[in-house]
Engineer: 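This structure is in structure tokens; I'll ask about it shortly.
When a residue number appears, it is its place in the shown sequence, counting from 1. In listed order, ligands and their atoms are each counted from 1.
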Amino acid sequence: MTFDVEAIRAQFPILNRDINEQPLAYLDNAASAQKPLAVIDAMKSQMETSYANVHRGLHTMANETTAAYEGARQTVADFLGAPKVDNIVFTRGATEALNLVAYGLMEEIEAGDEIIISQMEHHSNIVPWHFLRERKGAVIRFVPVLDNGVLDTDALKSMLSAKTKVVSLVHMSNVLGTINPIKTIAPWVKSTGAVFVVDGTQAAVHMPINVQDLGVDFFCMTGHKLYGPTAIGALYGSLEMLNRLQPFNGGGEMIEDVFEDRVTYNDAPHKFEAGTPPILEAIGLGAAIKWYRQYDPADIHQHEMAVYYHALDGLRDINSFRLVGDAPEKGSVLSFNLEGAHAHDVAQILDKYGVAVRAGQHCTQPLMTRLGIHSTARASFGIYNTLDEADRLIAAVKKAAHFLS
Ligand SMILES: Cc1ncc(COP(=O)(O)O)c(C=O)c1O
């Protein structure tokens with residue numbers, strides 16, 4: 001489908017609303033994106049026409065709902081380039097996917113084993129590994145981030161050793177926008193025999209993903225940033241790796257047989273989906289991916305980066321403006337500070353002009369410490385943002401700079 005931003009915007013009813021008597025400029029997509037009618041309608045229509053619990057039914061609607069739920073799994077598998085539908089585990093989001101992997105590997109980890117992550121990780125790719133440090137004596141090592149927001153891959157290379165058991169890295173930073181060279185890193189990790197986990201939460205929204213081409217063992221994504229519903233995400237794992245993981249939650253559906261003295265487990269991915277899953281949310285995620293895939297990823301990228309650079313050009317005219325994250329390979333995330341002003345105050349002033357941005361530490365406290373800053377304001381651009389909205393951001397930040405200086 002040709003890329004027509006106004007035609008895309010028309011599919012998002014919420015973008016028509018006003019905020020503080022100004023038209024909404026929604027620039028908080030890295031936190032969560034808005035939903036197109038295709039997603040809203042898919043979930044509504046499922047509830048209105050065919051809804052039941054999945055898998056265990058012998059009646060028509062149970063079978064129809066199961067087909068829709070499993071169809072969504074196939075859609076995710078295709079989207080990520082997974083070889084089989086069974087490579088995809090539905091989770092509540094990226095956070096749960098990363099916890100699932102860390103928990104699943106817990107028994108393999110011994111005191112002194114090393115887990116390598118980076119200074120630009122989201123807390124959801126830090127805290128689950130701290131559990132392994134606390135409970136098993138694992139050592140967490142952080143790959144440094146250079147001043148411009150690039151991952152120090154030379155340092156990463158030198159940190160890898162026979163002690164490395166897991167390497168878990170973000171594909172695209174939610175603060176810096178940096179895109180890490182996952183495909184280059186994968187063979188380095190593989191040569192140590194370590195498990196390679198990739199947090200693709202932001203990347204999956206901004207670039208085509210092929211997990212086989214990337215050469216990763218695990219890759220996670222989340223629905224709500226990809227124009228889909230909340231409380232649904234997915235974990236890709238090679239079948240060998242999924243079979244290596246211990247189950248995360250226990251309950252119905254994840255078992256094969258349960259006896260008084262023992263239990264046997266279902267195969268992956270069902271082994272990791274205990275209880276009634278987020279059925280409608282999975283169907284909504286499938287609808288979001290199908291909707292998104294109508295557009296050429298190159299067109300989406302070009303459009304988002306045009307809006308990003310337009311905003312950046314204008315913001316650079318402001319004396320107190322400081323960009324945070326200037327990697328040559330980056331996506332449409334624009335983190336910044338106004339010297340002498342708190343990012344929260346900046347965001348609150350922007351809201352008065354209808355411009356929605358996020359401000360704070362963005363769940364990346366070690367990154368803030370590394371950069372020597374407390375927080376940032378962050379404008380993050382998605383498929384429906386416009387050059388006009390970038391202009392409104394610039395104008396509102398100018399007002400904030402004037403007001404707060
Ligand atoms: C890079 C990154 N990883 C993980 C997450 C966690 O995603 P979720 O809250 O959907 O589980 C986020 C959310 O902001 C993120 O930006």
Side-chain angles (χ1 to χ4, degrees), residues 26-35 39 76 80 89-103 117-131 142-143 145 149 151 167-180 182 197-207 209 214 216 218-236 248-249 272 277-278 281-282 284-285 288-289 304 324-325 327 329-335 356-368 370 375-382:
Y26 187 78
L27 307 180
D28 194 17
N29 297 288
S32 206
Q34 302 302 340
K35 324 301 172 201
V39 171
V76 175
L80 296 179
V89 179
F90 280 127
T91 62
R92 275 198 303 130
T95 302
E96 189 176 80
L98 291 161
N99 275 274
L100 191 160
V101 175
Y103 181 90
I117 59 177
S118 85
Q119 287 179 327
M120 68 170 87
E121 300 310 316
H122 188 278
H123 291 165
S124 60
N125 196 25
I126 302 176
V127 182
W129 306 114
H130 271 298
F131 291 163
F142 287 78
V143 185
V145 172
L151 186 75
V167 176
S168 191
L169 297 174
V170 71
H171 198 168
M172 175 177 156
S173 159
N174 61 314
V175 177
L176 306 164
T178 305
I179 296 168
N180 289 321
I182 297 300
V197 186
V198 172
D199 172 2
T201 309
Q202 300 288 341
V205 188
H206 298 287
M207 69 188 82
I209 300 295
L214 288 173
V216 301
F218 292 107
F219 186 97
C220 71
M221 58 170 286
T222 201
H224 66 98
K225 299 185 205 274
L226 189 61
Y227 311 103
T230 49
I232 184 73
L235 172 71
Y236 157 82
F248 183 44
N249 290 322
F272 303 105
E281 291 76 4
L285 172 59
I289 292 174
E304 290 175 344
V324 178
E329 292 292 321
K330 73 172 286 185
S332 53
V333 173
L334 202 168
S335 280
V357 300
R358 188 140 298 244
Q361 300 183 323
H362 315 290
C363 296
T364 57
Q365 232 175 297
L367 179 64
M368 296 294 129
R370 155 65 185 92
S375 56
T376 78
R378 180 187 69 185
S380 49
F381 306 102

Engineer: Heavy atoms, side chains only, cut-off 4.5 Å: are T91 and L100 in contact?
Structural biologist: yes

Engineer: Do we see a donor-acceptor contact under 3.5 Å between the side chains of H362 and T364?
Structural biologist: no

Engineer: Checking side chain to side chain donor-acceptor pair (under 3.5 Å) between N125 and each of H122, H123, E121, which is the one that passes?
Structural biologist: E121

Engineer: Side chain to side chain contact (heavy atoms under 4.5 Å, CB included) between I126 and F142: does it pass, once the steps are laid out?
Structural biologist: CA-CA 10 Å; I126 302 176; F142 287 78; 4.2 Å; yes

Engineer: Fit a plane to each ring of F219 and H171, take the angle between them on a 0 to 90° scale, and name the class: parallel (under 30°), tilted (30 to 60°) or perpendicular (over 60°).
Structural biologist: perpendicular

Engineer: Testing the basics here: between D28 and S380, what is the closest heavy-atom pair and its distance to 0.1 Å?
Structural biologist: C-OG, 3.4 Å

Engineer: Check each protein residue for a heavy atom under 4.0 Å from ligand 1 and list those that pass, ordered by chain and number.
Structural biologist: G93, A94, T95, H122, S124, V170, N174, D199, T201, Q202, T222, H224, K225

